[in-house]
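These notes concern the structure reproduced below.
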There are 2 protein chains.
Amino acid sequence: LAQICTIAVDVMSGDHGPRVCVPAALAMLREHEHLQLVLVGAADDIAARVRADGCEDHPHLSIHPATQVVAMDEPPREALRRKKDSSLRQSIELVKAGRAAACVSAGNTGALMAMAHFVLKPLPGVERPAIVSALPSTAGHTHMLDLGANTVCTAGQLFQFGVMGAVVASGQAVLERPRVGLLNIGEEDIKGHETVRDAHRRFAASGLNYIGFVEGDDIFSGEVDVVVTDGFTGNVALKTIEGTARMIGAVMREEFTRGAARKLMAAAARPALMALKQRLDPRQYNGASMVGLNGIVIKSHGGADQTAFAYAIRTAAREAARGVPARIVEELRREDQALEQQVMQAES
Amino acid sequence: LAQICTIAVDVMSGDHGPRVCVPAALAMLREHEHLQLVLVGAADDIAARVRADGCEDHPHLSIHPATQVVAMDEPPREALRRKKDSSLRQSIELVKAGRAAACVSAGNTGALMAMAHFVLKPLPGVERPAIVSALPSTAGHTHMLDLGANTVCTAGQLFQFGVMGAVVASGQAVLERPRVGLLNIGEEDIKGHETVRDAHRRFAASGLNYIGFVEGDDIFSGEVDVVVTDGFTGNVALKTIEGTARMIGAVMREEFTRGAARKLMAAAARPALMALKQRLDPRQYNGASMVGLNGIVIKSHGGADQTAFAYAIRTAAREAARGVPARIVEELRREDQALEQQVMQAES
């Protein structure tokens, strides 16, 4: 981060609320001198926690009061109507007002999506905002979208996801031309449904670094940087990854603690086990981005601990520094113009 | 297996052909006295391998000649037209003729599906055959379908998958009323698309032990026995599971062999690592079933080794012993009648 960047942090939401979110924010503040944070929520509670941490005079810290909290199971429609002074809503409003470059919340996904959509509106040219996140791969990480915002998508929407995903992926690493792949199934005779085939043609005609269809196991291969799919398939894939990793972890724990001899071995293997745990730590992938909106909104896992929530704040700072929304508008415009030219050339 | 059951084994297909398939079949024959196998393919080659293994006089072994082999990348349409004397086609024909209760092949999925569909035809009442397989879970295993036969499915088809999956799951364990779940995404406001919601209502009104919507990570939770989804989502989920497990395995190998000290620790932890490997060994889940056809067809992974291919033969024998196709017809009929009654009661 080269210049000061202000992030609004909803510290009231998630399973743990201010107990976890405030210390995570303060830790980030101490580590990153260019970061400026606005903690949004119950002002007295937050101020007390900030004081307890000795940060009350930090020049890059302010508190923005919000009297309500959106419950984790609150229907988004209700939250939209009744929770105008919630920490979640106010964090988004700070972005809308230009007082923060991005916001972060561990709140209820549906409510966050609904409020962000309502307050910030989609970017010009964007049909549907989508949820994108980084996932671990054997070589660094892969971005996947949509992870659940749109259960049914058109080919054109899938294409836009690809453009947006490429902007996010190139913003998070040195990748100048991220490799974009379209998720499909590999059985020979049955290469996907019509929407996927139509999207494939649109991608192939684009200026993106499109590598074609990819399958579920390619997400981790290191051979693709952006995996595009509809929100139904993407959400199922995401949860399936989490479930598989959790199951393997559970079986591992069982096998490494079965009896005294095994426990001793596990102690000996501790360096390798710890390194393994660290490399696959899902917390470092916390922070999904709602791309395609006129502002940056980062969704943290509801159950995020301090380390995980700090990662979500980092994701927000990165996207803000790269100016992701403006770049999305630019890239979509470029693609539209290129398509128009192709059509005109074909006609002449 | 209480009574003799005959399985036709295509020993020519897959990445390894007779070199792996013949020994796998002979090993199964030695282990299971009620198994009767017909090895289908190049008669001379098979006979030589059987002799080399000392099995030429085995009373439960016969060879059925087939002069052609379907290539792993052969278009299904071509295979259907030109490979009538292939080991794959002839294995299915043996089932059709009633000379085998089931067949097994490691061949090209598209060709196997096309030929099985053409030769055996769907069971009365079945709209679409589907691919089902067992997957590991923390408590035994879970069946999932469709894994790729139907990219787009109606609610009624999803419901039939549930009925068929329940028959297969109750056939493979002591589960008398397998718990059936419908795969969906969990974001609060956006509980899936219309097809899934329609299927949900059909399931809820059925005689199945339906537990409602499940998410990707529930596949492994041990709280559901049959996970129902369309073939697109199912295939993506399956490949994602494989990819996740492979990535974790690769990272584990790296971390346990990083330097001499780590290698020594890995040697000490060998019992735990071996137990882990065995519990998660994907080979024991080899053998996907094409359910809904007038006959039992089991698809082995193309790359299956001897152990994995033997598991596929075992799956075939189990389904044959349980009479899966007849039970599917019966259960579908029962569900149709129950639905009719409900409609009549609602009208009167």
Side-chain angles (χ1 to χ4, degrees), chain A residues 73 75-77 108-111 113-114 136-138 148-149 151-152 183 185-190 192-193 215-221 229 231-233 235-248 250-252 255-256 258 261-262 265-266 268-269 271-273 275-276 279-280, chain B residues 73 75-77 108-111 113-114 136-138 148-149 151-152 183 185-190 192-193 215-221 229 231-233 235-248 250-252 255-256 258 261-262 265-266 268-269 271-273 275-276 279-280:
Chain A
D73 57 353
R77 211 175 290 245
N108 161 345
T109 310
M113 267 183 2
S137 84
T138 43
T151 46
V152 180
L183 196 58
I185 64 174
E187 301 307 345
E188 297 72 11
D189 197 28
I190 43 169
H193 44 65
E215 291 189 65
D217 48 349
D218 293 319
I219 299 169
F220 315 96
S221 67
T229 189
F232 189 89
T233 311
N235 192 277
V236 166
L238 181 69
K239 294 278 168 65
T240 303
I241 293 167
E242 291 172 0
T244 308
R246 208 176 301 136
M247 179 196 63
I248 294 175
V251 172
M252 245 175 109
E255 292 302 336
F256 272 94
R258 197 183 283 280
R262 290 267 186 97
M265 287 162 195
L273 289 172
L276 179 69
R279 276 184 64 183
L280 297 176
Chain B
D73 57 354
R77 209 174 291 245
N108 160 349
T109 309
M113 267 182 3
S137 84
T138 42
T151 47
V152 180
L183 195 58
I185 65 175
E187 302 307 344
E188 297 71 11
D189 197 28
I190 42 169
H193 44 65
E215 292 191 63
D217 48 349
D218 293 318
I219 299 170
F220 315 96
S221 66
T229 189
F232 190 88
T233 311
N235 191 276
V236 166
L238 180 70
K239 293 278 167 68
T240 303
I241 294 166
E242 291 173 0
T244 308
R246 208 176 301 137
M247 180 195 63
I248 295 175
V251 172
M252 246 175 107
E255 293 302 337
F256 272 95
R258 198 182 282 280
R262 290 268 186 93
M265 288 160 194
L273 290 172
L276 178 69
R279 275 183 65 184
L280 297 175

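Since this is a predicted model, take the numbers as computed values, not measurements. Below, chains carry the letters A, B, ... as their sequence lines are ordered, and counting in each starts from 1.
Contacts between Ile219(A) and chain B at a heavy-atom distance below 4.5 Å involve the side chain alone, from C-beta outward. Only the side chain of Val152(B) comes within less than 4.5 Å of a heavy atom of chain A; its backbone N, CA, C and O stay farther away. With a 4.5 angstrom heavy-atom cutoff, Leu183(B) touches chain A via backbone and side-chain atoms both.
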Can you check salt bridge (charged side-chain N to carboxylate O under 4.0 Å, His left out) on Glu242(B) and Lys239(B), steps first, answer last?
CA-CA 5 Å; Glu242(B) 291 173 0; Lys239(B) 293 278 167 68; 5.8 Å; no
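When all heavy atoms are compared, the tightest approach of Ile241(B) to Thr244(A) is CG1-OG1, 3.7 Å. Residue Pro136(B) comes nearest to Met247(A) through the heavy atom pair O-SD, 3.8 Å, listed as atom of the first residue, atom of the second, then distance. Nearest heavy atom pair, residue Phe256(A) against residue Leu273(B), reads CZ-CD2, 3.7 Å.
By number of non-hydrogen pairs under 4.5 angstrom with chain B, the leading residue of Ala250(A), Ala275(A), Ser221(A) is Ala275(A). Comparing Arg258(B), Arg246(B), Arg279(B), Met252(B) by how many heavy-atom pairs each has under 4.5 Å with chain A, the most go to Arg279(B).
Remark: Phe220(A) pairs with no residue by the ring-ring contact (aromatic ring centres under 6.0 Å, His included) rule, at least two apart or across chains.
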